Participant: 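Sending over a structure as structure tokens; questions will come in a sec.
Here, residue 1 is the first one in the sequence, and each next residue gets the next number. None of the values given here were measured: they were computed from a predicted structure. Note that ligands are numbered from 1 as they come in the structure, with each ligand's atoms numbered from 1 the same way.
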Amino acid sequence: MTAVLAVEHLNFGYPTSGLISGSGIAVKALDDVSLSVEPGRVLGIVGESGSGKSTLLRTIVGLNRGYTGTIRYRGEPVDHTTRAARRSGFVAGVQMIFQDPGGSLNPFKTIRQTLLAALARAPAPRAGTSELEALLHQVGMNGSALDRRPSEFSGGQSQRLAIARALACNPSVLLCDEPTSALDVSIQAQILELFGRLKGEGRAFIFVTHNLGVLGHIADTIAVMHRGRVVEVGPARELIAAPQQAYTAALIAASPRLKHRGLLLKNARHRLSPAPAGSAS
Ligand SMILES: Nc1ncnc2c1ncn2[C@@H]1O[C@H](COP(=O)(O)OP(=O)(O)OP(=O)(O)O)[C@@H](O)[C@H]1O
Ligand SMILES: [Mg+2]
């Protein structure tokens, strides 16, 4: 299947700040990163703090300028200039969901105003109350939210509203940067269930998290980042059960529940007869 979103040999460095600015020395945050995701699939990204996960997502959506390499949306190289990105459908088609839902909802606007503004960016804008209510229903909320402001909602509700705002554009790809880590466990489960439904609709995800256990459940493929590089990438279950790199093994070992799960998967694999040569994973 053709990738809906791909990055090829992506490099990005943050300029240094301080007394000697403009020295040309940069913090290299992405180092030759190549990854892709197909419709209806979840690409999980893990790695320790500072490994470049957020930088990758921010660079894809155009928040970091000055990268080298290619970002492709539906096979075409992305031009992040506002007009080109709108024309190619990239602006509506690739939506980001942040860890802090408050950050993506304007505190001064009602939910109705926020959703209407998002709908206006969709390729075929529709703007009736029934469309807004339908959006809220998708994320398990109802129309009573429309005329309230973000401060009136809990963290879990705010994240649902941030997701509704992203869905208003009818995106093909959702880039999620630790979207559940600020939420308590039961709300996390509900949001992950929602993502599972959206995946079933054919939407693709790049899902950044520290929590390998979450990825073991929802990701099809996992990429492991370390110091800006992708050090290992593979089918999620196999990567967790039999990591090829010591760094990946260390991440798994640091997650006790996963260590247990990894052993279970390994044992399950041993019970299966060997796969025929050349069979796909
Ligand atoms: N705005 C910035 N200016 C300069 N350096 C930055 C900036 N943002 C991130 N960095 C640096 O880039 C590297 C990658 O950071 P990034 O935020 O992408 O990591 P991360 O994997 O998302 O980490 P975490 O798991 O803590 O969110 C780090 O060395 C970080 O210090
Ligand atoms: Mg981050």
Participant: Are any of the side-chain heavy atoms of Arg41 and Pro39 separated by less than 4.5 Å?
Facilitator: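 The answer is no; the side chains never approach within 4.5 Å.
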Participant: List every atom of ligand 1 that sits less than 4.0 Å from any heavy atom of Gly52, numbering the atoms from 1 in the order shown and giving each element.
Facilitator: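 Here the atoms of ligand 1 in question are 14 (C), 18 (O), 19 (O), 20 (P), 21 (O).
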Participant: Donor-acceptor check, side chain of Lys109 to backbone of Arg149, threshold 3.5 angstrom: yes or no?
Facilitator: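 No: the side chain of Lys109 does not pair with the backbone of Arg149.
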Participant: Hey, is Glu178 touching ligand 1 through its side chain, its backbone, both or neither, going by heavy atoms under 4.0 Å?
Facilitator: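 Within the 4.0 Å criterion, Glu178 contacts ligand 1 through side-chain atoms alone.
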Participant: In terms of atom number and element, which parts of ligand 1 are under 4.0 angstrom from non-hydrogen atoms of Ala29?
Facilitator: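 Per the distance check, 12 (O).
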Participant: List every atom of ligand 1 that sits less than 4.0 Å from any heavy atom of Thr55, numbering the atoms from 1 in the order shown and giving each element.
Facilitator: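 Result: 14 (C), 15 (O), 16 (P), 18 (O).
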Participant: Are the ring centres of Tyr67 and His80 closer than 6.0 Å?
Facilitator: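 For Tyr67 and His80, the ring centres are under 6.0 Å apart.
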Participant: Assess Ser54: does it contribute an N, O or S atom lying under 2.8 Å from the Mg ion (ligand 2)?
Facilitator: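 Within the cut-off used here (under 2.8 Å), Ser54 does place an N, O or S atom near the Mg ion (ligand 2).
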Participant: What residue and atom, counting heavy atoms only, is the protein's closest point to atom 24 (P) of ligand 1, and at what distance?
Facilitator: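 Nearest neighbour among protein heavy atoms for atom 24 (P) of ligand 1, to 0.1 Å: Ser49 OG, 3.6 Å.
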Participant: Looking only at protein heavy atoms, which one is nearest to atom 14 (C) of ligand 1, and what is the separation?
Facilitator: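 Protein heavy atom with the smallest distance to atom 14 (C) of ligand 1: Gly50 O, 3.4 Å.
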Participant: May I ask you to identify the nearest protein heavy atom to atom 9 (C) of ligand 1, giving residue, atom name and distance to one decimal place in Å?
Facilitator: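 Of the protein heavy atoms, Tyr14 CE1, 3.4 Å lies nearest.
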Participant: Going by the atom numbers of ligand 1, which of them fall below 4.0 Å from some non-hydrogen atom of His210?
Facilitator: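 So the atoms of ligand 1 that pass are 25 (O).
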Participant: Do any N or O atoms from the side chain of Asn64 and from the backbone of Gly62 form a donor-acceptor pair under 3.5 angstrom?
Facilitator: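 Absent.
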Participant: Is the side chain of Gln159 donor-acceptor paired with the backbone N or O of Pro179 at a distance under 3.5 Å, no angle test?
Facilitator: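 Checking the backbone N and O of Pro179 against the side chain of Gln159, a donor-acceptor pair under 3.5 Å is found.
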Participant: Would Asp177 and Arg58 satisfy salt bridge (charged side-chain N to carboxylate O under 4.0 Å, His left out), going step by step from the backbone distance to the final call?
Facilitator: CA-CA 9 Å; Asp177 195 354; Arg58 293 174 62 83; over 6 Å; no
Participant: Could you identify the single nearest non-hydrogen protein atom to atom 25 (O) of ligand 1 and state the distance to 0.1 Å?
Facilitator: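 Going by distance alone, atom 25 (O) of ligand 1 is nearest to Lys53 NZ, 2.7 Å.
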Participant: Of the backbone atoms (N, CA, C, O) and the side-chain heavy atoms from C-beta on, which set of Arg58 has a member under 4.0 Å from an atom of ligand 1: side chain, backbone, both, or neither?
Facilitator: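 For Arg58, there is no contact with ligand 1 at all, from either part.
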Participant: Keeping Glu131 on the side-chain end and Gly128 on the backbone end, is there a donor-acceptor pair under 3.5 Å?
Facilitator: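 Looks like yes, one N/O pair under 3.5 Å.
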Participant: Do any non-hydrogen protein atoms sit less than 4.0 Å from atom 31 (O) of ligand 1?
Facilitator: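 Answer no: nothing from the protein, no heavy atom, is under 4.0 Å.
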Participant: For atom 17 (O) of ligand 1, grab the closest protein heavy atom and report residue, atom and distance to one decimal in Å.
Facilitator: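 I find the closest protein heavy atom is Ser54 CB, 3.9 Å.
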Participant: Determine whether a donor-acceptor pair (N or O, by modelled atom type, separation under 3.5 Å) exists between the side chain of Thr55 and the backbone of Ala29.
Facilitator: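 The answer is no, because no donor-acceptor pair under 3.5 Å joins these two groups.
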Participant: Do Glu76 and Arg74 sit within salt-bridge range, that is, some charged N less than 4.0 Å from a carboxylate O?
Facilitator: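 No salt bridge links Glu76 with Arg74.
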